[in-house]
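Worksheet for the structure shown next.
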Amino acid sequence: MPMPMPAPIADADYCRRLPKVELHAHLSGSVTPAVLQQIWADLPDHERVSLQPPLEALADPTGAQGINTFFAHFNTYIYRLLSTPESLARATRAVLIGFAEDGVVYLELRTTPRALPNASPDTGVRVVLDVIDEWNRTEKMVVRLILSVDQAKHGPKEAEAIVDLALNLRGEGKPVVGLDLCGDPAARGDITALRPAFTRARQASLPCVLHFAEIPAASSVAELNELLDWKPRRLGHAIHVPPEVVERIERENVGVEMCLSCNVLAGMLPDTETSRGIADHHFGEWWGRSVPISLGTDDIGVFGSISSEEHAHAARHFGLERPDLLELGRRAMAGALDETQRPRMEQLFREFAANEGVECPWP
Ligand SMILES: [Zn+2]
């Protein structure tokens, strides 16, 4: 009797060729130290001397100081370096090129609006959107932007202003597709204060995505139910979710964005002392449910893992075979905020499946 064929493994090469859907990437955190180094090297002499070289300043993300200290340092550093329209545009373009070269075909990038020095509050976002507009005119990867409200830094007034900005930009035809809740959940005040801004966005058909259950202290049933009452389309991380809230998420078909390397390297998973790393990630639990689900890199500049590597990690640690990764792509697109892109994506997946001789979840 002939031996059965071994199951086709979704290896790193396959994951690189695979069309990928990236829904959880922060713009500034996605700028790599190498790109920052190039930008720094091109600064005028008098500006360069006041900033340590990025490859020195950002040398050791997982070192003695710990990733969270590093993260704060990264953010301070990057905002100082990317303080002109030129440097911000250059960094944005480099981020897009990085995702496209890795085979991402649909990207939802997110950014917290901030004013560049001596300019109006929307300048930074407009610079980013100009780069995205130009990109979308010529390149295969489709890019959309989500504006973030930082729960540790923004109160109701700032959140309302970000909603206004998002709606205005969308009204101008810019590719702004959603509103995000981000920032340090340990450093925030009463979360219900932000509810009106998120409700208004939703009523104006601007869907929201929320960082969710990132730390145990921000994961009570009451608090998570409050966030779910905002009717988010997707939840970022979704780590410390009690069973009754898991059920609600599934019942309401809210998508989840899984960030494997980020959660492991930042020590966000429970029982990290005894952790087996990615094998213990809650991706496995959500994958076994019916919700939209995607893999996100979060911050490639910090965690150093690109989308194809995240897909290869998921395949290796959770036994995903080649057709499973197409199913993952299908479930990722089910959570994408720009629904008009779905037919195009389905076509890309079909072509890929035909080329690879893999069964496609779309007929
Ligand atoms: Zn995030």
Side-chain angles (χ1 to χ4, degrees), residues 20-32 61 67-75 78-79 92 95 98-99 104 107-114 128 143-154 159 162 177-188 191 194 198 207-219 224 227 230 232-241 249 254-269 278 281-283 286 292-307 309-310 313-314 332 335-337:
K20 287 168 291 290
V21 175
E22 167 68 80
L23 304 179
H24 193 122
H26 299 265
L27 171 59
S28 58
S30 298
V31 187
T32 63
I67 190 100
N68 293 318
T69 312
F70 175 83
F71 220 141
H73 175 58
F74 182 94
N75 279 330
I78 201 166
Y79 287 150
T92 303
V95 166
F99 279 111
V104 171
L107 168 66
E108 285 180 12
L109 211 50
R110 55 187 83 191
T111 191
T112 309
R114 67 190 172 97
V128 170
V143 186
R144 299 292 180 256
L145 192 69
I146 294 168
L147 299 192
S148 297
V149 172
D150 187 325
Q151 59 192 330
K153 294 186 184 139
H154 297 146
I162 292 170
V177 293
L179 189 69
D180 168 42
L181 179 74
C182 73
D184 183 356
R188 68 155 181 239
I191 195 67
L194 298 177
F198 279 81
C208 67
V209 294
L210 308 174
H211 281 69
F212 192 82
E214 287 182 275
I215 59 169
S219 302
L224 298 183
L227 291 173
W230 300 4
R233 289 283 301 277
R234 298 195 309 264
L235 306 170
H237 302 291
I239 303 171
H240 307 277
V241 188
I249 291 167
V254 186
V256 291
E257 304 151 354
M258 300 281 99
C259 304
L260 307 178
S261 296
C262 155
N263 293 167
V264 170
L265 291 172
M268 293 161 77
L269 301 182
I278 290 174
H281 195 276
H282 47 289
F283 171 85
W286 287 113
I293 182 168
S294 59
L295 292 172
T297 52
D298 203 292
D299 297 279
I300 288 172
V302 177
F303 302 112
S305 182
I306 59 178
S307 182
E309 290 169 344
E310 292 297 284
H313 287 319
L337 297 182

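As the structure lists them, so they are numbered: ligands from 1, and atoms in each ligand from 1.
Side-chain contact between V209 and P207 is absent, with no heavy-atom pair separated by less than 4.5 Å. Taking 4.5 Å as the limit, some side-chain heavy atom of T112 sits within range of a side-chain heavy atom of H154.
Among the backbone and side-chain atoms of C182, no N/O/S atom is found under 2.8 Å from the Zn ion (ligand 1). Distance check for H24 against the Zn ion (ligand 1): an N/O/S atom falls below 2.8 Å. At a cut-off of 2.8 Å, C262 is not counted among the residues with an N, O or S atom near the Zn ion (ligand 1).
Looking at D298, its N, O or S atom nearest to the Zn ion (ligand 1) turns out to be OD2.
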(message) Run the side-chain contact (heavy atoms from CB on, under 4.5 Å) test on T111 and S148 for me, step by step, so that the C-alpha distance in whole Å, both residues' side-chain angles and the decisive distance to 0.1 Å come before the verdict.
(response) CA-CA 6 Å; T111 191; S148 297; 5.9 Å; no
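Ring centers of H240 and H282: at least 6.0 Å apart, outside the cut-off.
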